[in-house]
Amino acid sequence: MCGNSSRRSGTPLASSKVWGRSMHARTPVGSGLSSHDVAKPPLSRFLERCHAEIAGDSTGAVADYIPELAKADPNHFGISVATTDGYIYEIGDSVVPFTIQSISKAFVFALALEIVGAERVESLIGVEPSGEAFNSIRLRTDNRPFNPMVNAGAIACSGLIHDAEGSGAFDRILETLGRIAGRTLGIDEAVFASERATGDRNRAIAYLLRNYAVVKGDVDAVLDVYFRQCSVLVTARDIAVMAATLANRGRNPLSGEQVISPYAVARTLSVMTSSGMYDYAGEWIYRVGLPAKSGVGGGIIAALPSQLGLGTYAPLLDSHGNSVRGLKVCVALSSHFDLHLFNRSGDVRNGIVAEYDIGGVSSRRNRQPHEQKILDEHHQYCHVYELTGALTFGVIEYLSRRLVQQRPHSQFVILDFHRVPTITKAAGQLLAESLSELSAVNTTVILCGIQSQSLLGAAINKLLVPPSKLRKFVLLDEAIEWTEDQIIYRFDGYGRLHDPTTLPEQQLLEGLTDGEIETLATLMEPRTYQAGERIVGAGEPASSLFFLQSGMVSVKVPNGVRLATLVAGMVFGEMALLEDRRSADVWADTLVQCFELPLDAYAGFRAKHPQIGERIIRNLAVLLAKRLILANTKIDLLTSS
Ligand code: DON
């Protein structure tokens, strides 16, 4: 990645407009959209319109205080948006290279925080907006730079990295900028030489800083690092990816690499918000409301945390040294889509997608009547919270109040996280405290759907809940089944799984006389299956049904998701009465004994005993109706809570 591949500003890189996924759709009638347009996401069309409208604005001037910069083509104009899931939009001159200039300051500040630590950096460089131009020589009353976004603060950051890395300082910076952009970057040697030759104001600032011990050692070496970092060649696409890396908490959305720590990202976005646009910062945050950073090379980056990064390139600058066209793109995008940072709607209650006790929602384990009776009488003992989205402090604060309100009733609390991608540190802390308090009042905490490697997993590992009071399951269904077992156990309803049941106890044979059942039994074959054995397979001919005498079987779709678990007294394969092929696998979870009733034998029997056949079909209808009611109850609960 190191090594300066010198290229010249303004010479387009190989075209890469095809980046990103796309979709194909029918042309809506009268939309005026070509099939080509419809194939593009709507934001593409907005950016194209934006580009077309703003391209006509030729106000401002190309920077010339660094002579080499004056060679930039004032007509160049590129826009790129990178999303945190790695999708890239590009419009116009998005692959024309230009020098990064002050945009580098944000990333070099983050790198300084990573290399020398926040305490050292914050002891030398402030975080207050200066309200002055980027190259102001004025320092704070304590002779410290106002912030790392103005030249004085940026030179101090380069100095800190030079202190730590010595002659390797710039290579470290270039390598890091490359990882943030997602490709190897080089520098424009001509711009570097031009700035070095004309950088007396920065030289004055640097010597002033050395005078106040903010910069140490060889000032020219430090300035060379600073001038080189400003001369790094990027494109609008590169800086969009760099902004998206900030928006993605330091993880590059293309490479997936965690390049900057979330701590450094938060601090960098803060100073970008307060000082990134210099003496225009107040107006900027008021009108656009996004952390941003501009450079005299004509680039602007803006980051919408957890969503996207924007990069624009247009070398015509306004009096503040900000790209005129780039500013307009940011204002248009922010106002059109209401992206203002502080205009966030969000109801913390939406973080709980469903809340219920196990009265309406049971596990997929079918219970024997006496077990079901216990669950019907004591369903309030277990409360389930299905959570969704990135969990913030506000959501967990709301959840913690719900948990307190439910506390008197529930001895078991199930929290399902399978729709939760992440949790903030603060939320993780509050969650740990809430669950620890729950276990302290003898409530068993059951967690499911947690990816152990995730932030959530890390937060959960910090829980101070005694192991006896904490259970973890992958699936919510398993968590509910385990809790049902505990409640049944507590009320001595735990049937001995292997106690054989007789055919008259079979649900499907309800209402048949003993004589009729005996006759039917003559057609059946006793079967025994070992735990783990597949009894029937999806797609096989449905040629028989099985009456479970003892043991437990699970019905699963081929991908392994459990549809139901059945125990003694229940029937499986009964859909053979209605369909030709098996729609799911049935596995023995334990040693299983059952009776198999072949359909062809049954058909002859039914012809002779139509009333029995009718009775069995009616029982089957009752069974299926019960399952439908259970499924509807769950949907109702999930959609109403
Ligand atoms: O130090 C300078 O003056 C330039 N290398 C960078 C200034 C800059 O980009 C200001 N941004 N708007």
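Atoms within each ligand, like the ligands themselves, are counted from 1 in listed order. Since we're looking at a predicted model, the values are computed, not measured.
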Participant: Do R203's NZ or CZ and the ring of Y207 fall within the cation-pi criteria of under 6.0 Å and 45°?
Facilitator: no

Participant: Quick one: ligand 1 N/O to protein N/O pairs below 3.5 Å?
Facilitator:
unit_1, atom_1, unit_2, atom_2, d
ligand 1, 1 (O), N151, ND2, 3.0
ligand 1, 1 (O), E195, OE2, 3.3
ligand 1, 1 (O), N202, ND2, 3.0
ligand 1, 1 (O), Y226, OH, 2.5
ligand 1, 3 (O), Y65, OH, 2.5
ligand 1, 3 (O), N151, ND2, 3.3
ligand 1, 5 (N), Q101, OE1, 2.6
ligand 1, 5 (N), E195, OE1, 3.1
ligand 1, 5 (N), E195, OE2, 2.8
ligand 1, 9 (O), S102, N, 3.0
ligand 1, 9 (O), S102, OG, 2.6
ligand 1, 9 (O), V296, N, 2.8
ligand 1, 11 (N), S102, OG, 3.3
ligand 1, 11 (N), Y278, OH, 3.1
ligand 1, 12 (N), G321, O, 3.1

Participant: Is a donor from one side chain sitting under 3.5 angstrom from an acceptor on the other, for Q229 and S158?
Facilitator: yes

Participant: Regarding E68 and S194, is there a side-chain donor-to-acceptor distance under 3.5 Å anywhere?
Facilitator: no

Participant: Is a donor from one side chain sitting under 3.5 angstrom from an acceptor on the other, for S294 and Y280?
Facilitator: no

Participant: State, yes or no, whether a side-chain contact exists between M242 and R179 at a heavy-atom distance under 4.5 Å.
Facilitator: no

Participant: Tell me the ring-ring contact (aromatic ring centres under 6.0 Å, His included) pairs involving residues 50-71, sequence neighbours left out?
Facilitator: H51-F77

